[in-house]
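Computed from a predicted model, the values in this text were never measured in an experiment. Atoms considered below: every heavy atom in the structure, side chains included; atoms not considered: hydrogens, waters and symmetry mates. In what follows, chains are A, B, ... by sequence order, proteins preceding strands, each numbered from 1.
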Amino acid sequence: MMSASMPTLRAHALARFNELGVPTTKHEEWKYTSLRKLVDELDSVLDSVLVDELDDVLDSVLVDELVSELDSVNVSKDSLKTSSQTSLKTSSQTVTLFNGTYRPDLSTLIDVEGLTICELNDELVASDEKVGAAFTTAAPIDAHAFVALNTALATSGVVITVAKNATIPTPLTITCVNDAQTENVLTTPRVLVIAEEGASVQVIESHHAQGEHTAVEVGVTEIIAHANSNVTYVKLLVDVGNTHHIGFTGGHIYRDAVIRAHTFCIDGTFTRNDLELKLMEPGASAYLDGVSVLNEEQFADNHTVVDHLVPHCHSEELYKGVYDGKSTGVFNGKIFVRPQAQKTTAYQSNHSLLLSDRASVNAKPQLEIFADDVKCSHGATMGQLDEEAVFYLQARGIGRDEARALMTYAFAAEVIERLPFDDLRTYLEERVANKLGAQP
Amino acid sequence: MIIDIKDLKAGIDGTEILKGISLTVNPGEVHAIMGPNGSGKSTLASVLAGRDEYNVLGGTVEFNGHDLLDMSPEDRAREGLFLAFQYPVEIPGVSTANFLKSAVNEQRKYRGLPPLEPAAFLALMRERMKLVEMDPSFLQRSLNDGFSGGEKKRNEIFQMAMLEPKLAILDETDSGLDIDALRIVAGGVNALRNSENGMIVITHYQRLLNYIVPDFVHVLWNGRIVRSGGKELALALEEKGYDWIKQETAVA
């Protein structure tokens, strides 16, 4: 809930970021995720990029130290490549956030009944009651330092509103382009999805990089799923190159509503995803799944929180990871079942496949259950390919490398198969198969 | 001659299990290898198929004019060797149809043949499944995943029907089967028997040999073939058990 004016909120957020600081590995939630390298990059990014607008907003407040570090360099917006070449061809509707800024000129917007897409800016937050009420509820600035940073810096995001009982027939793609062609950039894409009562929408959030310089992307997405609504949210890190992505997605799920969140980390030097879904009213459901397929020195950390606040809610979670080369994965899955949340059903599983001696994974399921009449389970496995199965395939004439690729692909495909869109499924199957050297 | 095994010695973890096996299989022949538990029957199957935890300690195996022991497991299969597993492996996420498509097309590629057209391939699968009375719905299911013991063994014979090997080694394919499943599996095997191919049928029980009638029976004991004969040898074993042979061997 927004009561303070935007500049004040931004100032608070920036102050909060300064207070919290960039987390170190001493912080429980960042234990396996070292930001040391990133901090160096971030410093240089902050040095070279300035967010002019912020100056005005912040002049009165306690952020002098940070502001003084920021040089007055304008982001060059003439060097844009159009985002079309990197965007997915899976949907007719494409919203582009270019270096965190909503760009209708780079978006493909078609009139669809019940769907409203507009810039998320200070003015809208102040003037639109629904937007104002929703903004920063599912991603409060206290959530973690980077949510605060995003809130402080993001001035031109996008808000997607789906009207009561409207069903949006085709998925909507939000393309977040990180353009580091001419210099290092810090981008802060901000998305707010509001599904009104009974609404149904599918949102694909796809992150892209271009250019040889470093992009640090600190993104926040909030999803408010009102009663009986149905939101599918797909987060794609498939074409992010050397972008350092730190993204937070928060969802509030009301009575009988459903959020299905699918997260794919198929590319990226450094990725940290936080996904927090709160089951706010009885009958709410959350489905979370994701797969990371990493090699070389790639790093991906998925932190998820499913918070059962009330009775009769359901959650199901499946995260998988394939780690080759010197890659590293982290999975931390928290499930809270609050004292009043009786009749909760909550299931979580996490499976990791290590293809190389030098790859590693840290997995931590964490169930905190304070109600007594619930069904909850979790399971985690970590291992290598089953050599007996590899031999079985070889004994039928399939080469050893192909056999390993086939089995690895099958392991990852279990998550891809859950996607409800054929085009996107095919696209991901091809990308994963290519990365693994398998036939889809 | 399909396969010529000469004085094969092999073991695992430094223990010699096969202590000099010689066996020749010609086209059109079915050889049964019987023996008590621990005699080396499954080791023989594993060594021939190329399972790498076994070490070959001596002897030669010529298969189709090639040095079998020098080949990878996949190349042995591509040359026409097929092992029906005693314990078929469950592979979640890989459908039976996709698996067979990969296997058949890899083998065709090795032989310089183009891949089969999908429609023709599907028709072929449906036809060959009938041999072992498998329902077509199995094609879309993950390989052996959740299959019953009998379904897994029928699936092995179905794969054999698809791959049309020159030499099939059936490793205790009858173990754990009830009489109906045994009859179906044996019926499939018999339908695939012809004058061009050969089979080595490894079994602990004579019962299977009522259904798959062998040309030769060999008794394996303590890593050696201690007696060979015709199908009547299996009957004698059924009647008298293995002790009789063990004693004779010990005396000799």
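For B:Arg126, the CZ atom sits in a loose shell: 12 or fewer heavy atoms of surrounding residues, nucleotides or ligands are nearer than 6.0 Å. Other residues, nucleotides and ligands contribute over 12 non-hydrogen atoms within 6.0 Å of the CG atom of B:Asn194. A 6.0 Å sphere centred on OH of B:Tyr87 holds no more than 12 heavy atoms belonging to other residues, nucleotides or ligands. Within a 6.0 Å sphere centred on CD of A:Glu297, heavy atoms belonging to other residues, nucleotides or ligands number 12 at most.
Within the 4.5 angstrom heavy-atom criterion, no atom of A:Glu387 approaches chain B. Both the backbone and the side chain of A:Ala395 come within contact range of chain B, judged by heavy atoms closer than 4.5 Å. In this structure, the portion of B:Asn144 lying under 4.5 Å from any heavy atom of chain A is its side chain and not its backbone. With a threshold of 4.5 angstrom between heavy atoms, B:Ser102 approaches chain A through its backbone and through its side chain. Residue B:Leu143 touches chain A through its side chain alone, counting heavy-atom pairs closer than 4.5 Å.
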Given side-chain contact (heavy atoms from CB on, under 4.5 Å), test A:Leu393 with B:Ile91 step by step and report yes or no. CA-CA 10 Å; A:Leu393 297 176; B:Ile91 308 189; 3.8 Å; yes
Assess the residue pair B:Arg51 and A:Glu388 against the criterion (side-chain contact (heavy atoms from CB on, under 4.5 Å)); give the C-alpha distance rounded to whole Å, side-chain angles, the decisive distance to 0.1 Å, and a yes or no. CA-CA 9 Å; B:Arg51 205 187 275 277; A:Glu388 179 64 10; 2.4 Å; yes
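Annotation: the span from A:Tyr392 atom OH to B:Glu156 atom CD amounts to 3.5 Å, rounded to 0.5 Å.
For the pair A:Arg396 (side chain) and B:Arg78 (backbone), a donor-acceptor distance under 3.5 Å is absent.
Counting heavy-atom pairs closer than 4.5 Å to chain A, the top-ranked of the candidates B:Glu53, B:Gln159, B:Lys109 is B:Gln159. Of all the listed residues (B:Pro88, B:Pro73, B:Ser142, B:Gly93), the one sharing the greatest number of non-hydrogen pairs under 4.5 Å with chain A is B:Pro73.
Listed here is the closest heavy atom pair of A:Ala410 and B:Pro92: CB-O, 3.9 Å. Across all their heavy atoms, A:Gly397 and B:Ala77 have their closest contact at N-CB, 3.3 Å.
Using a 4.5 Å heavy-atom cutoff, the side chains of B:Phe99 and A:Ile398 are in contact.
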